[in-house]
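One structure is given here, and the rest of the page talks about it.
We use all heavy atoms of the structure for the numbers below, so side chains are in, but hydrogens, waters and symmetry mates are not. Just so it is clear: chains get the letters A, B, ... in the order the sequence lines come, proteins before strands, and each one is counted from 1.
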There are 2 protein chains.
Amino acid sequence: MVIICARNPFSIRTVTMKTEVPTIQDVARVAGVSTATVSRALSYPERVSEKARRQVLEAVERTGYVVNEAARNLRQQRANAIGVIAPDLSNPFFSSIIAGIEQIAGPNGFGMLVTESSMTGQGAFDHASLLAAARVDGFVVLDGQIDLGRLRNRVTSLSQVPVVSACEYPEDLPAPSVTVDNTGGAEKAVRHLADLGHTKIGHITGPRGNILTTTRLQGFRAGLNSIGLPVREDFILPGDFNLEAGKLAAEIWRTMDDRPTAMFCASDQQAFGFISQLSRQGFRVPEDVSVIGFDDIEVSGFFVPALTTISQPRLELGRMSARMLLDRINGESHREGLHPQLDVTLVVRDSTAAPRPE
Amino acid sequence: MVIICARNPFSIRTVTMKTEVPTIQDVARVAGVSTATVSRALSYPERVSEKARRQVLEAVERTGYVVNEAARNLRQQRANAIGVIAPDLSNPFFSSIIAGIEQIAGPNGFGMLVTESSMTGQGAFDHASLLAAARVDGFVVLDGQIDLGRLRNRVTSLSQVPVVSACEYPEDLPAPSVTVDNTGGAEKAVRHLADLGHTKIGHITGPRGNILTTTRLQGFRAGLNSIGLPVREDFILPGDFNLEAGKLAAEIWRTMDDRPTAMFCASDQQAFGFISQLSRQGFRVPEDVSVIGFDDIEVSGFFVPALTTISQPRLELGRMSARMLLDRINGESHREGLHPQLDVTLVVRDSTAAPRPE
DNA sequence: AGCCTATATGTAAACGATTGCACCGCTGTT
DNA sequence: AACAGCGGTGCAATCGTTTACATATAGGCT
């Protein structure tokens with residue numbers, strides 16, 4: 001490989017030994033054109049002559065030039081990157097959405113900066129506003145619990161900053177969001193259980209205050225209503241989305257003297273925790289109790305028993321939110337009130353069955 | 001909040017309505033000092049007078065100034081960011097490592113750019129070298145399968161570019177790496193099974209060519225040897241780390257006329273797939289066959305049965321590799337040959353038991 | 001008093017790209 | 001022959017920092 005780089009040819013930094021990286025100047029010199037032409041040849045090929053384009057391309061090849069993003073970003077007042085704020089990076093549910101975001105961002109020349117909102121106490125928000133000042137062009141927010149007050153104080157009018165929330169969303173956030181039909185999903189779950197013949201259907205909720213918790217609970221009630229089943233408040237157990245919460249709920253279920261014969265869990269993880277603890281106590285799923293989850297994470301199909309659940313298009317959730325964000329960044333402003341909702345589907349596997357005859 | 005920003009006070013871009021963001025010039029004006037002093041007051045507080053520092057800090061407060069990273073990066077020839085190359089973002093195993101990296105990078109003022117190496121075919125490598133030119137100061141590589149030839153062609157001498165590989169590592173990569181004791185882990189697994197009384201112990205490997213596959217297989221053999229058990233080649237089934245591979249292996253196990261009574265799986269996910277498929281066929285774990293995994297991902301403790309496995313410190317793996325990378329970036333060059341190896345521990349749960357008496 | 005040092009500040013030159021503007025030559029029209 | 005229009009190109013300003021260097025001021029020493 002030939003390295004052509006006349007600028008400062010004798011500089012040898014003895015410590016780092018960093019090889020000088022070619023600049024647009026070097027390319028221009030080799031190609032025998034001005035830097036303006038080089039820049040144009042690369043960004044708007046159709047605006048330079050055939051000949052110039054060839055020369056530039058060859059010079060790029062020979063020098064091994066690659067654009068310095070920092071310089072470009074400074075000049076263009078653009079970061080060519082988006083920020084992702086997730087509540088919990090190690091949660092497989094979120095990582096799949098993040099993968100979806102990357103699938104769109106990457107090929108469009110955008111980097112993806114990932115932060116965890118739980119970070120450092122006050123956390124992501126200093127991050128976020130700090131980032132907003134030059135590192136990213138916008139955010140995808142995956143955390144519905146986020147403290148908006150803080151952000152508002154920093155960023156004068158939030159609605160100006162390109163933000164798209166995905167999955168969970170703060171209700172009062174004046175930004176587009178992409179979600180799934182949580183209410184409808186919960187209704188489908190209930191209906192499925194009822195179709196199997198269950199009349200005593202319970203629910204383990206998500207964490208208090210979370211929007212997903214609210215909508216799924218709402219769907220749960222609506223589902224029961226629509227098929228004429230009474231809502232038994234004592235069958236609604238408070239929980240969280242994680243494994244531990246399912247375990248805790250199992251302990252409560254065990255102590256009930258009138259037990260539901262089927263449980264709708266607010267997440268797959270929760271369902272795993274529930275089933276796991278029950279099995280340990282000698283109960284069997286679905287023989288003793290049917291269990292249905294929500295999310296359809298990858299492992300669900302391989303759980304024992306394979307989990308019946310409401311499947312969310314997580315990858316598509318990420319892809320769509322990234323697309324919307326990129327659109328906003330590029331000025332193709334959707335109306336603020338854009339809130340697409342993706343459909344969810346019932347996936348029947350082995351954790352649900354007809355109730356044991358009395 | 002007071003916005004002080006004299007530069008171009010009448011500019012109102014009607015389309016975007018972007019609020020002008022204050023620069024260091026604005027701060028300097030308000031504080032009544034030069035930009036140099038502002039810069040110094042923020043970066044080296046001890047090098048300016050008490051008075052100047054106070055004035056600058058107050059001006060920063062009033063203007064809401066936050067440094068423009070693009071400009072800083074350009075000037076300093078530094079990106080203040082690290083790149084992470086992962087083979088599969090939605091895999092919970094990797095996401096935990098990524099979380100660990102972020103825990104170190106974030107607080108140190110480094111952004112974390114995440115890319116998936118499977119991306120776009122040729123993929124991460126154009127990404128990677130492109131990034132190397134200005135977006136990141138170094139990489140943590142989580143993908144051992146990576147095509148080094150490509151990278152080499154781009155980056156003249158790879159050893160100059162700060163790279164740390166974590167978990168998996170290409171054997172010929174002249175870069176520090178942080179791994180876990182895979183061989184030792186495999187030995188522990190085998191020993192545990194032997195201690196329970198198993199003599200017919202099998203293994204489902206990872207994907208061909210992967211370094212983890214090799215070292216774990218090696219440990220498996222070594223373990224058998226050290227306790228005087230023969231290595232039955234027909235008990236070694238080829239696989240992959242994912243769920244599907246476990247399922248496939250289960251089918252093979254079923255057709256064997258002389259079956260191992262215990263299986264050491266190359267990953268937890270694989271173990272899930274194996275157990276899941278077996279259960280579906282009416283076999284029981286650990287009664288019919290003991291199963292031990294490798295990784296100890298979060299859900300393992302809640303599987304049915306709870307999975308006995310070799311636990312890796314995934315978060316620490318990420319944290320340590322991030323620390324090493326940051327050190328290298330800051331010039332505190334470790335020797336090239338630094339390859340710390342973290343310990344793994346056996347976690348005994350319910351998927352292993354003594355073999356059924358003949 | 002004179003000189004030297006140390007400390008605190010300001011001035012201005014980078015960093016490497018993009019892009020508004022001016023210019024040049026050519027073609028086609030009047 | 002004059003001129004408008006246009007595609008292609010180069011010049012040079014600009015983005016917002018950091019930092020080498022110059023300068024100023026104060027204080028300590030002989």
Review point. Is the shortest side-chain N/O distance from Ser49(B) to OP1 or OP2 of dT9(C) below 4.0 Å?
Key: yes
Exercise for review: Figure out the CD1/P separation between Ile24(B) and dC15(D), and round it to whole Å.
Suggested key: 15 Å
Review point. Contact class for Ala70(B) vs. all strands (heavy atom < 4.0 Å): base, sugar-phosphate, or nothing?
Key: nothing
Exercise for review: Using only side-chain N and O atoms of Tyr65(A), determine if any of them is under 4.0 Å from OP1 or OP2 of dG16(C).
Suggested key: no
Practice item. Tell me which nucleotide among dT9(D), dT18(C), dT11(C) gets nearest to the side chain of Ser43(A). Key: dT18(C)
Review point. Is the backbone N or O of Ala70(B) less than 3.5 Å from a side-chain atom of Asn73(B), with the two atoms forming a donor-acceptor pair by type?
Key: no
Exercise for review: Could you check which of dG16(C), dT18(C), dT17(D) has an atom nearest any side-chain atom of Thr23(A)?
Suggested key: dG16(C)
Review point. Nearest to the side chain of Thr35(B), which nucleotide is it out of dG10(C), dG16(C), dT18(D)?
Key: dT18(D)
Review point. Taking only N and O in the side chain of Gln77(A), is any of them less than 4.0 Å away from OP1 or OP2 of dG16(D)?
Key: yes
**Study point:** Shortest non-hydrogen contact between Gly318(A) and Ile101(A), atoms and distance
**Key:** O-CG1, 3.5 Å
Check your understanding: To the nearest Å, how far apart are Gln55(A) CD and dT9(D) P?
Key -> 9 Å
Practice item. Can you spot which of Ile24(A), Val30(A), Val21(A) makes a side chain to side chain contact (heavy atoms under 4.5 Å, CB included) with Thr63(A)? Key: Val30(A)
Revision key, fill the gap. Per-helix bend value, the helix from dA1(C)-dT30(D) to dT30(C)-dA1(D), C1' rotation axes over five pairs per end, 10° rounding, shows 60°
Exercise for review: Without swapping roles, check the side chain of Ser321(B) against the backbone of Leu317(B) for a donor-acceptor pair under 3.5 Å.
Suggested key: yes
Review point. Nearest of dC11(D), dT19(D), dG16(D) to any side-chain atom of Ser34(A)?
Key: dC11(D)
Point to revise | Protein-nucleotide distance (Leu42(A), atom CG; dT9(D), atom P), rounded to Å | key: 13 Å
Check your understanding: Can you tell me if the side-chain N/O atoms of Ser39(A) get under 4.0 Å from OP1 or OP2 in dT18(C)?
Key -> yes
Point to revise | Exam field: side chain Glu69(B) to backbone Arg135(A), donor-acceptor pair closer than 3.5 Å | key: no
Check your understanding: Rounding to a whole Å, what distance do you find between Asn80(B):CG and dT17(D):P?
Key -> 14 Å
Point to revise | For Arg53(A), salt bridge (charged side-chain N to carboxylate O under 4.0 Å, His left out) partners two or more places apart | key: Glu50(A)
Point to revise | Arg72(A) side-chain N/O to dT18(C) phosphate OP1/OP2 under 4.0 Å | key: yes
Study note, to complete from the structure: Among the nucleotides dT19(C), dG16(C), dT18(D), whichever has the atom closest to the side chain of Leu74(A) is dG16(C)
**Study point:** Spacing of Arg29(A) atom CZ relative to dG16(C) atom P, expressed in whole Å
**Key:** 12 Å
Study note, to complete from the structure: Between NZ of Lys51(A) and C1' of dT9(D) the distance, given in whole Å, is 11 Å
Check your understanding: Within the side chain of Asp137(B), is there an N or O that forms a donor-acceptor pair under 3.5 Å with the backbone of Arg78(B)?
Key -> no
Exercise for review: Find the distance Arg40(B):CZ to dT18(D):P and express it as a whole number of Å.
Suggested key: 11 Å
Check your understanding: Sequence neighbours excluded, which residues qualify as salt bridge (charged side-chain N to carboxylate O under 4.0 Å, His left out) partners of Arg319(B)?
Key -> Glu316(B)
Point to revise | Length of the CZ-C1' vector between Arg78(A) and dC15(D), whole Å | key: 15 Å
Check your understanding: What nucleotide among dT14(D), dA12(D), dT17(D) has an atom nearest to a side-chain atom of Arg75(A)?
Key -> dT14(D)
Check your understanding: Given dT18(C), is OP1 or OP2 found less than 4.0 Å from the side-chain N or O atoms of Tyr44(A)?
Key -> no
